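Report on the following structure.
These numbers come from a predicted model, not from an experiment.
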Amino acid sequence: MKFRDKRKNEVKEAYSIVIRDGKAYITFVENGKEYTYYEDNIDIMQPISPKDNNTPFKVYKLKKRCYRCHKETTIYTYIVFDDGTYENVEYPWDKQRLLKNQNLFAHLQDPSIEYYGLLVIGDDERLDQMLMNQYPDQIKVKYSKTQGRRYPMNLCVHCGAQQGWYFIYHEINEWIKDMKEIPFDEI
Ligand SMILES: [Zn+2]
């Protein structure tokens, strides 16, 4: 099972994790040395089997022209409200609710989009992990120079180019503003 060491922000694979009195006793191999962590310093990542169809969110399939090879590729993402509820943002789009948690600061810097209060792939580690488990060939953790961090990205099916967060977030903002429906994966 996997856990995240919050202090180092590293994900590690454990052989066993036993939680007792606020501490986590972790071994990395069978009969291996036991390491002690404060429970608060780790996040146990729930095991999700590949192709587990129980994602708690709707998976949207955004058809998009790849910026590099200009061929059409599919981008998988969740679109959920960024208000702590993680509820699906669904068509017909509730712009009023989306504007409640608008990133006004970003919008003033870049008025080309509304910066609706929504999360897409690359925004939430837990949801990213679930999405990645479902589409392991299409989504991989890659380094983004623009953001200076590693996060899951869709890769172009033709040329493998990374389809970064801003590209997707921007596109979704436009579709919502224009009241256009985004296809989703029927599972
Ligand atoms: Zn491409």
Side-chain angles (χ1 to χ4, degrees), residues 48-187:
I48 305 157
S49 60
K51 298 286 172 197
D52 183 343
N53 287 343
N54 293 325
T55 50
F57 48 80
K58 209 166 185 169
V59 177
Y60 284 98
K61 285 165 81 171
L62 200 60
K63 295 274 180 202
K64 184 96 177 84
R65 230 162 250 295
C66 168
Y67 68 91
R68 191 159 81 188
C69 72
H70 306 290
K71 289 184 190 151
E72 195 182 76
T73 186
T74 306
I75 285 165
Y76 297 97
T77 184
Y78 48 86
I79 310 176
V80 296
F81 284 98
D82 185 16
D83 57 6
T85 63
Y86 293 98
E87 283 169 15
N88 287 315
V89 177
E90 288 176 289
Y91 186 83
W93 315 115
D94 186 347
K95 291 188 196 173
Q96 215 178 341
R97 182 170 168 193
L98 286 166
L99 283 171
K100 260 188 217 159
N101 289 292
Q102 179 188 31
N103 186 344
L104 196 56
F105 181 74
H107 174 64
L108 293 174
Q109 301 286 309
D110 166 22
S112 69
I113 54 168
E114 295 298 325
Y115 284 87
Y116 290 124
L118 54 83
L119 302 174
V120 300
I121 180 168
D123 278 324
D124 186 280
E125 212 178 317
R126 193 174 59 96
L127 303 191
D128 286 348
Q129 189 65 45
M130 289 187 248
L131 196 59
M132 222 174 1
N133 277 306
Q134 196 144 337
Y135 303 95
D137 300 328
Q138 182 105 31
I139 303 171
K140 302 218 187 286
V141 174
K142 296 277 177 187
Y143 181 75
S144 154
K145 258 195 211 163
T146 329
Q147 297 222 352
R149 66 180 178 113
R150 290 170 63 79
Y151 67 92
M153 283 186 241
N154 283 264
L155 304 181
C156 170
V157 292
H158 308 286
C159 75
Q162 303 172 8
Q163 318 289 314
W165 175 86
Y166 181 77
F167 185 65
I168 297 166
Y169 182 76
H170 195 279
E171 183 79 3
I172 289 170
N173 267 263
E174 284 183 340
W175 282 57
I176 292 177
K177 193 177 182 195
D178 297 342
M179 261 311 181
K180 273 160 62 183
E181 203 169 348
I182 301 174
F184 53 90
D185 225 357
E186 302 280 0
I187 294 171

Quick one, [X] and [Y] - any side-chain contact, counting heavy atoms below 4.5 Å?
X	Y	result
K71	C66	no
V89	D94	no
D82	V80	no

Could you grab the distance from atom [atom1] of [X] to atom [atom2] of [Y], nearest 0.5 Å is fine?
X	Y	atom1	atom2	result
F81	K100	CZ	NZ	9.5 Å
E90	I79	CD	CD1	10.0 Å
N154	Y76	CG	OH	8.5 Å
L118	R97	CG	CZ	11.0 Å
F57	M130	CZ	CE	5.5 Å
Q109	L104	CD	CG	10.5 Å

For T74, run the side-chain hydrogen bond (donor to acceptor under 3.5 Å, both in side chains) check against K63, K61, Q138 and tell me which one passes.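 Between T74 and the candidates, side-chain hydrogen bond (donor to acceptor under 3.5 Å, both in side chains) is satisfied uniquely by K63.
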Nearest heavy atoms of [X] and [Y], plus distance in Å:
X	Y	result
N88	K58	OD1-N, 2.9 Å
I168	Q163	CD1-O, 3.6 Å
G122	R149	O-NH2, 2.9 Å
I139	P152	CG2-CB, 3.8 Å
E181	W175	O-CZ3, 3.1 Å
M153	S144	CE-CB, 3.7 Å

Applying side chain to side chain contact (heavy atoms under 4.5 Å, CB included) between T77 and each of V59, I121, I182, report the one that passes.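 Of the listed options, the one satisfying the test is I121.
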So, the side chain of [X] versus the backbone of [Y]: is there a donor-acceptor pair under 3.5 Å, distance only?
X	Y	answer
N101	D83	no
Y169	Y116	yes
Y151	W165	yes
R150	K142	no
N103	Y115	no
R68	C159	yes

salt_bridge(K64, E72) N-O dist < 4.0 Å: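 Salt bridge: no.
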So that I know where these two stand, are Y78 and Y86 an aromatic pair - ring centroids less than 6.0 Å apart?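 No.
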Does anything in residues 88-113 pair up under ring-ring contact (aromatic ring centres under 6.0 Å, His included), and if so which pairs, sequence neighbours excluded?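 Only Y91-W93 qualify under ring-ring contact (aromatic ring centres under 6.0 Å, His included).
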With no hydrogens and no angle check, just 3.5 Å: does a side-chain donor-acceptor pair link D110 and Y166?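 D110 vs Y166: donor-acceptor pair found between side chains.
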Got a sec: does the NZ of K95 have more than 12 other heavy atoms crowding it under 6.0 Å?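 Counting neighbours around NZ of K95, more than 12 heavy atoms of other residues, nucleotides or ligands fall under 6.0 Å, so yes.
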Taking everything shown except K140 itself, do over 12 heavy atoms lie less than 6.0 Å from its NZ?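 Yes.
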